[in-house]
A.B. asks: 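Following this message is one structure expressed as structure tokens.
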Protein chains: 2
Amino acid sequence: MSKGAKLCGVTQSAASQHVQEVERRLGAPLLDRAKRPLELTPAGKLYADFCRDVMRQEDEFQLALERLKQEVESTVHVASIYSVGLSEMSRLSEEFSASHPTARLEVEYMRPDKVYAAVSGGQADLGLVSYPQSSREIAAIPWRDEEMRLAMAPTHALAGRQLVLAADLAGIDFIGFDEDLSIRREIDRFLRVRGVTVHMVMHFDNIQMIKEAVALGSGVSILPARSMQAEIERGRLVAVGLEAPGLVRPVGIVHRRRKKFNRAAQAFLELLLPGGAEKARLAG
Amino acid sequence: MSKGAKLCGVTQSAASQHVQEVERRLGAPLLDRAKRPLELTPAGKLYADFCRDVMRQEDEFQLALERLKQEVESTVHVASIYSVGLSEMSRLSEEFSASHPTARLEVEYMRPDKVYAAVSGGQADLGLVSYPQSSREIAAIPWRDEEMRLAMAPTHALAGRQLVLAADLAGIDFIGFDEDLSIRREIDRFLRVRGVTVHMVMHFDNIQMIKEAVALGSGVSILPARSMQAEIERGRLVAVGLEAPGLVRPVGIVHRRRKKFNRAAQAFLELLLPGGAEKARLAG
DNA sequence: GCATATCATAACCTGTACTAATTCTGTCAA
DNA sequence: TTGACAGAATTAGTACAGGTTATGATATGC
């Protein structure tokens with residue numbers, strides 16, 4: 001009894017009282033006190049086994065929890081729209097793992113509405129979207145404005161130009177975005193304020209398809225310059241600048257308000273945007 | 001949270017504080033509080049599983065404990081010397097189960113020293129021994145004095161007698177008990193004070209073997225009358241009374257001091273000896 | 001933006017579980 | 001037996017974990 005008390009870091013009295021309290025609760029003696037040294041009764045053996053089982057289970061739980069905490073603390077989940085670009089992202093990913101070797105970055109590409117849902121639902125720490133929208137529970141931080149250029153097949157009549165004016169696009173065969181996308185509305189506005197109407201021949205919900213159609217000569221389009229880099233290098237597309245003030249696509253970082261970032265998320269935010277973690281904290 | 005609190009019979013505040021305390025201890029949030037209704041985090045799910053496991057184990061333990069308590073409360077373990085007699089014991093056993101149908105009686109036969117050890121060690125609630133000895137930790141209650149008679153083969157010269165005097169035994173072939181047994185010392189004393197010496201031809205540590213030897217005509221012996229009943233009925237032995245004051249073998253009930261009896265033990269003691277439970281209590 | 005539901009926080013209170021001091025009990029040796 | 005000793009039980013006093021009530025903060029739906 002005294003030894004047990006010492007092991008538990010309490011006095012002999014506390015141990016004695018505790019054992020008696022347990023016996024009272026269980027309604028059965030755990031120790032045979034008529035003999036010294038004290039012996040366990042059958043009920044005592046049963047209880048000891050039970051306690052050992054529980055302690056073993058607690059150990060297992062603690063271990064699992066530590067693994068989980070490690071996991072959660074060290075990986076940042078990013079939800080991104082497709083058009084941020086795989087090449088851009090792989091560059092970021094390399095930079096990140098170089099500067100933070102213990103952290104892990106997990107990027108998942110999805111439609112814009114899914115990005116918001118992932119951030120809102122907590123599956124993603126950060127979201128990358130164009131035309132970022134704040135809301136009650138989502139905070140947005142501007143990241144960068146991507147220059148938009150006129151995309152066309154190398155064989156197109158305008159392919160040799162250094163600059164294209166809005167007026168040049170009047171009546172042109174045009175491949176656009178679906179009407180429910182922000183980028184579509186922005187392009188429409190750009191053309192409308194300049195009094196230009198294009199001939200919309202097709203529309204898609206993603207950049208990849210538009211690039212395909214443009215390369216096949218179905219028409220021209222206005223796309224983020226960065227998203228065409230690979231096709232331009234391979235000579236499949238030509239991109240020409242638009243008249244100043246040009247068209248830009250703002251890309252932003254969204255996150256859930258009041259949710260504090262783990263180390264990895266903070267680090268990634270800092271990589272995207274020096275001082276970004278502080279900005280996010282202020283944006284709440 | 002409020003519902004959970006109600007289920008546990010505490011206020012919402014207590015529940016909220018408790019969850020926060022657990023989160024602090026574990027170092028990980030269990031609930032995602034940014035959304036209502038509250039959702040479990042992965043750590044929360046892990047913890048909930050752990051708790052459910054522990055509760056299930058506790059239920060199992062409680063069940064096992066109840067069974068054990070039932071067992072302990074309702075069965076009396078009796079350790080008895082062999083010579084109390086199987087027929088006597090089976091009669092007692094029947095009476096007991098008739099008057100206490102919910103209780104169980106478990107009798108184990110063993111050598112006298114093992115009876116004391118079983119009682120002392122707590123394996124037996126009660127012990128039945130001849131020439132009962134009290135000690136520091138063993139209390140003895142006299143149960144009954146068994147008449148001792150001269151045992152002989154039916155063909156023996158003394159077999160026709162109504163009564164045998166000590167003097168009749170001088171120089172007779174005698175089968176005795178081992179020297180370390182109380183009953184041997186008592187018989188020796190009986191003969192010595194009467195100035196009689198017998199011719200000890202064999203000795204055994206148990207009545208059964210003595211009866212065999214007597215029946216085979218190897219000699220006479222002095223044995224408890226009750227222990228010979230079956231052999232007398234079958235005509236294998238003859239028992240003749242000894243001169244008054246005759247020899248008796250006291251049989252007693254022993255139990256551990258300060259150990260309180262369970263229901264079954266009390267009932268059995270009462271059956272053996274009306275008022276016995278009270279006597280035992282006083283004997284402590 | 002307001003009403004409602006629900007969770008967090010603050011201030012306070014009580015019973016549990018501890019410590020220190022003392023008494024009781026079992027064991028062992030003379 | 002008896003006395004000495006070790007170790008457990010008991011007692012009295014106290015700190016604090018964990019409760020309560022009251023109030024403040026925050027999300028959700030109209």
Side-chain angles (χ1 to χ4, degrees), chain A residues 1-41 43-44 47-48 51 116-117 119-122 133-139 254-260 281-284, chain B residues 1-41 43-44 47-48 51 116-117 119-122 133-140 254-260 281 283-284:
Chain A
M1 185 73 77
S2 305
K3 276 176 198 157
K6 199 154 284 174
L7 278 174
C8 297
V10 297
T11 60
Q12 172 268 319
S13 170
S16 180
Q17 288 177 63
H18 176 75
V19 170
Q20 285 177 75
E21 171 58 20
V22 173
E23 286 178 328
R24 196 196 56 71
R25 271 210 293 265
L26 297 180
L30 301 178
L31 295 174
D32 183 345
R33 291 175 169 73
K35 284 240 160 190
R36 216 79 13 126
L38 268 52
E39 278 177 15
L40 282 173
T41 62
Y47 185 66
C51 290
Y116 284 102
V119 169
S120 180
Q133 293 291 327
S134 289
S135 70
R136 181 175 298 276
E137 63 184 15
I138 296 285
V254 294
H255 63 89
R256 203 165 77 180
R257 300 194 123 96
R258 270 175 311 286
K259 180 184 179 182
K260 63 176 181 303
R281 205 182 55 71
L282 295 174
Chain B
M1 187 71 78
S2 305
K3 277 177 197 155
K6 199 155 282 175
L7 278 174
C8 297
V10 297
T11 60
Q12 169 269 317
S13 169
S16 180
Q17 287 177 61
H18 176 75
V19 171
Q20 284 176 76
E21 171 59 19
V22 173
E23 285 176 329
R24 195 195 57 72
R25 271 211 290 266
L26 298 181
L30 301 177
L31 295 173
D32 184 343
R33 292 177 168 72
K35 281 244 159 186
R36 219 68 28 120
L38 267 53
E39 278 177 17
L40 282 173
T41 61
Y47 185 65
C51 290
Y116 285 102
V119 169
S120 181
Q133 295 291 328
S134 290
S135 69
R136 181 175 298 278
E137 64 183 14
I138 297 285
V254 295
H255 62 88
R256 203 166 77 180
R257 300 193 123 98
R258 271 174 311 285
K259 180 183 178 182
K260 62 177 181 303
R281 203 182 56 71

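Order of the sequence lines sets the chain letters (A, B, ...), proteins ahead of strands, with each chain counted from 1.
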A.B. asks: Measure the CG-OG1 distance between B/L30 and B/T41 for me, rounded to the nearest 0.5 Å.
C.D. replies: 5.5 Å

A.B. asks: When the distance from CZ of A/R256 to C1' of D/dA27 is rounded to whole Å, what number comes out?
C.D. replies: 12 Å

A.B. asks: Let me know the distance between CG of A/D32 and P of C/dT25, rounded to the nearest Å.
C.D. replies: 16 Å

A.B. asks: So, do B/V119 and B/I138 sit near enough that their side-chain heavy atoms are less than 4.5 Å apart?
C.D. replies: yes

A.B. asks: Just the rounded figure in Å: distance from P of C/dA5 to NZ of B/K6.
C.D. replies: 13 Å

A.B. asks: With nearest nucleotides of DNA chain D determined for A/S13 and B/V10 from heavy-atom distances, which residue corresponds to the more 5′ nucleotide?
C.D. replies: A/S13

A.B. asks: Can you tell me which nucleotide in C/dC7, D/dA9, C/dT19 comes closest to the side chain of A/T11?
C.D. replies: C/dT19

A.B. asks: Report the distance from atom CZ of A/R33 to atom P of C/dC24, rounded to the nearest whole Å.
C.D. replies: 18 Å

A.B. asks: Of the nucleotides D/dT10, D/dT20, C/dA17, which has the atom closest to the A/E21 side chain?
C.D. replies: C/dA17

A.B. asks: To the nearest 0.5 Å, how far apart are OG in A/S134 and NE2 in A/H255?
C.D. replies: 8.0 Å

A.B. asks: Roughly, in whole Å, what's the span from NE2 in B/H18 to P in C/dC7?
C.D. replies: 16 Å

A.B. asks: Report yes if a side-chain nitrogen or oxygen of B/S16 is closer than 4.0 Å to either non-bridging phosphate oxygen (OP1 or OP2) of C/dA8; otherwise report no.
C.D. replies: yes

A.B. asks: For the pair made of NZ in A/K3 and C1' in D/dA8, what is the distance, rounded to whole Å?
C.D. replies: 14 Å

A.B. asks: How close or far is atom P of D/dA17 from atom CD of B/Q20, stated in whole angstroms?
C.D. replies: 16 Å

A.B. asks: Run through A/Q20, A/E21, A/R25 and flag the one making a side-chain contact (heavy atoms from CB on, under 4.5 Å) with A/E23.
C.D. replies: A/Q20

A.B. asks: Over all strands shown, is A/Q17 touching base, sugar-phosphate only, or nothing at heavy-atom distances under 4.0 angstrom?
C.D. replies: base

A.B. asks: If you define the side chain from C-beta out and look only at heavy atoms, does anything of A/M1 sit under 4.5 Å from A/L38?
C.D. replies: yes

A.B. asks: Which part of the nucleic acid, if any, lies within contact of B/S2, taking any heavy atom under 4.0 Å across all strands shown: a base, the sugar-phosphate backbone alone, or nothing?
C.D. replies: sugar-phosphate

A.B. asks: Once you apply a heavy-atom cut-off of 4.0 Å, does B/Q12 come out as touching a base, just sugar-phosphate, or nothing?
C.D. replies: base

A.B. asks: Find the distance B/E23:CD to C/dA8:C1' and express it as a whole number of Å.
C.D. replies: 12 Å

